[in-house]
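Please read these numbers as outputs of a predicted model, since none were measured by experiment.
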Amino acid sequence: DQLRNLQDILHNPKQRGVLGEFYLETVLKNVLPPKSYQMQYKFKDGQTVDAVVKPQSGLIPIDSKFPLDNFRQLSSAHSDEERKTASREFMKAVKKHVDDISKKYLVPEEGTINFAVMYVPSENVYYHILTDDEANLMDYAKSKSVLMTSPHGFFNFLRVILIGMERNKLHEQSQKIWDILKGVQQESVRFSDGIGVLARHITNAKGAMDNVQSGYAKLSGKIDQVKLLE
């Protein structure tokens, strides 16, 4: 029953899209801190992308696309003619997804960076896209500033993003530490100046004390002389 339900989901484009978004969110949740990404991000024109990642450089739009129907037709083709037709339709579907992502979600004025990610939640589909030299789908995506990735590749992509975020965090902390050390250095200079002033005061006080002691010694000698006269 569960396998039949899964098959029904995979045959339903809408349900399949929900499943792809679920996988996408799961990977994001497992790799990135909660505040570093957002699901169902809405742009000002009303377009909604499946997710955005938020490094310091800007927003990275990520959309989950799953041209499974076209891929299934391509995989089940028996004749060369059927295979050519299915391959042409598959290529057309992938290019449409790429065009949609490039057109809808690359919005520099709203803080997106200069590329978007097309997440293909199927290693088989992605492998066919990657190895189809005739269609050159990867080059086409690159020309539209879209990075296509499989689940495994997407995980590694997020790890790179996470490392970048950690480096930025370390840089921020290093800057704070540097600012504190500069403050300590300035306070040390002020403290050293204060010590110098205090030392001068002590030296002057010692000199004054020596003069007083010398004067007292002279006065005491005079008093002793008076006593001797008596």
Side-chain angles (χ1 to χ4, degrees), residues 5-55 57-75 89-107 110-132 135 137-162 165:
N5 289 336
L6 179 60
Q7 188 176 22
D8 291 339
I9 290 174
L10 293 177
H11 278 287
N12 186 316
K14 187 174 182 179
Q15 293 294 326
R16 192 164 62 240
V18 172
L19 188 63
E21 292 171 17
F22 171 76
Y23 288 153
L24 173 62
E25 184 175 8
T26 300
V27 178
L28 288 168
K29 188 182 297 183
N30 287 339
V31 178
L32 298 180
K35 293 184 179 180
S36 63
Y37 69 92
Q38 180 180 333
M39 301 301 298
Q40 297 299 307
Y41 184 85
K42 193 171 184 177
F43 293 96
K44 292 179 181 178
D45 62 357
Q47 298 291 347
T48 302
V49 67
D50 291 335
V52 292
V53 176
K54 303 176 179 179
S57 54
L59 302 175
I60 303 177
I62 303 170
D63 206 49
S64 175
K65 296 300 182 186
F66 204 0
L68 184 61
D69 291 336
N70 302 99
F71 182 74
R72 186 184 292 115
Q73 292 173 5
L74 178 60
S75 301
E89 292 300 317
F90 177 79
M91 180 181 66
K92 188 185 299 183
V94 173
K95 285 186 174 181
K96 183 180 183 305
H97 289 325
V98 170
D99 291 340
D100 288 344
I101 291 173
S102 179
K103 182 180 178 181
K104 295 177 181 178
Y105 309 134
L106 289 177
V107 192
E110 294 187 36
T112 62
I113 63 173
N114 59 357
F115 73 91
V117 176
M118 176 175 165
Y119 173 62
V120 183
S122 168
E123 295 291 346
N124 288 341
V125 176
Y126 178 78
Y127 180 76
H128 180 78
I129 293 173
L130 182 65
T131 57
D132 189 352
L137 293 173
M138 298 297 288
D139 290 339
Y140 182 81
K142 184 178 179 181
S143 70
K144 297 291 183 177
S145 301
V146 174
L147 171 68
M148 284 195 285
T149 179
S150 67
H152 181 70
F154 185 62
F155 177 82
N156 291 327
F157 168 77
L158 291 181
R159 291 290 296 173
V160 172
I161 296 296
L162 180 63
M165 289 179 174

Test side chain to side chain contact (heavy atoms under 4.5 Å, CB included) applied to Arg159 and Val31, step by step: CA-CA 7 Å; Arg159 291 290 296 173; Val31 178; 4.1 Å; yes
CA sep, side-chain torsions, deciding dist, call: Glu110, Leu59, side chain to side chain contact (heavy atoms under 4.5 Å, CB included): CA-CA 9 Å; Glu110 294 187 36; Leu59 302 175; 5.9 Å; no
Steps toward side chain to side chain contact (heavy atoms under 4.5 Å, CB included) verdict (Leu32, Leu162): CA-CA 6 Å; Leu32 298 180; Leu162 180 63; 4.0 Å; yes
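Side chain of Thr112 to main chain of Val107: a donor-acceptor pair is present (N/O by atom type, distance under 3.5 Å, no hydrogens or angles). In this structure a side-chain-to-backbone donor-acceptor pair under 3.5 Å is missing from Glu25 to Met39. Counting only distance, with no hydrogens or angles, the side chain of Ser102 and the backbone of Val98 share no donor-acceptor pair below 3.5 Å. Checked by atom type and distance alone, the side chain of Gln38 never pairs as donor or acceptor with a backbone atom of Val53 at under 3.5 Å.
A donor-acceptor contact closer than 3.5 angstrom is absent between the side chains of Gln47 and Lys42. Side-chain contact, Gln40 with Thr48: no donor N or O sits under 3.5 Å from an acceptor N or O.
Using a 4.5 Å cut-off on side-chain heavy atoms (C-beta onward), Leu106 and Ser145 make contact. Side-chain contact check for Val52 versus Tyr37: every heavy-atom pair is 4.5 Å or farther apart. Inter-residue side-chain proximity for Tyr23 and Val27 is flagged as unmet; no heavy-atom pair is nearer than 4.5 Å. With a 4.5 Å cut-off on side-chain heavy atoms, Lys54 and Ile60 do not count as touching. Using a 4.5 Å heavy-atom cutoff, the side chains of Ser150 and Ile129 are not in contact.
For the atom pair Lys142 NZ and Leu137 CG, the distance stands at 15.0 Å (nearest 0.5 Å). Here Ser36 contributes atom OG and Ile161 contributes atom CD1; the two are 9.5 Å apart, rounded to the nearest 0.5 Å. Rounded to the nearest 0.5 Å, atoms OH (Tyr140) and CE (Met91) are 10.0 Å apart. In this structure, the separation between CG on Asp63 and CG on Asp50 is 4.0 Å, given to the nearest 0.5 Å. In this structure, the separation between CG on Leu147 and CD1 on Ile101 is 10.0 Å, given to the nearest 0.5 Å. Once rounded to the nearest 0.5 Å, the distance linking CE of Met148 with CE of Met138 reads 5.0 Å.
The ring pair (Phe, Tyr, Trp, His ring centres under 6.0 Å) test with Tyr119 is passed by exactly one of Phe155, Phe154, Tyr126: Phe154.
For Asp99 and Lys95, the salt-bridge test fails: no basic side-chain N is under 4.0 Å from an acidic carboxylate O.
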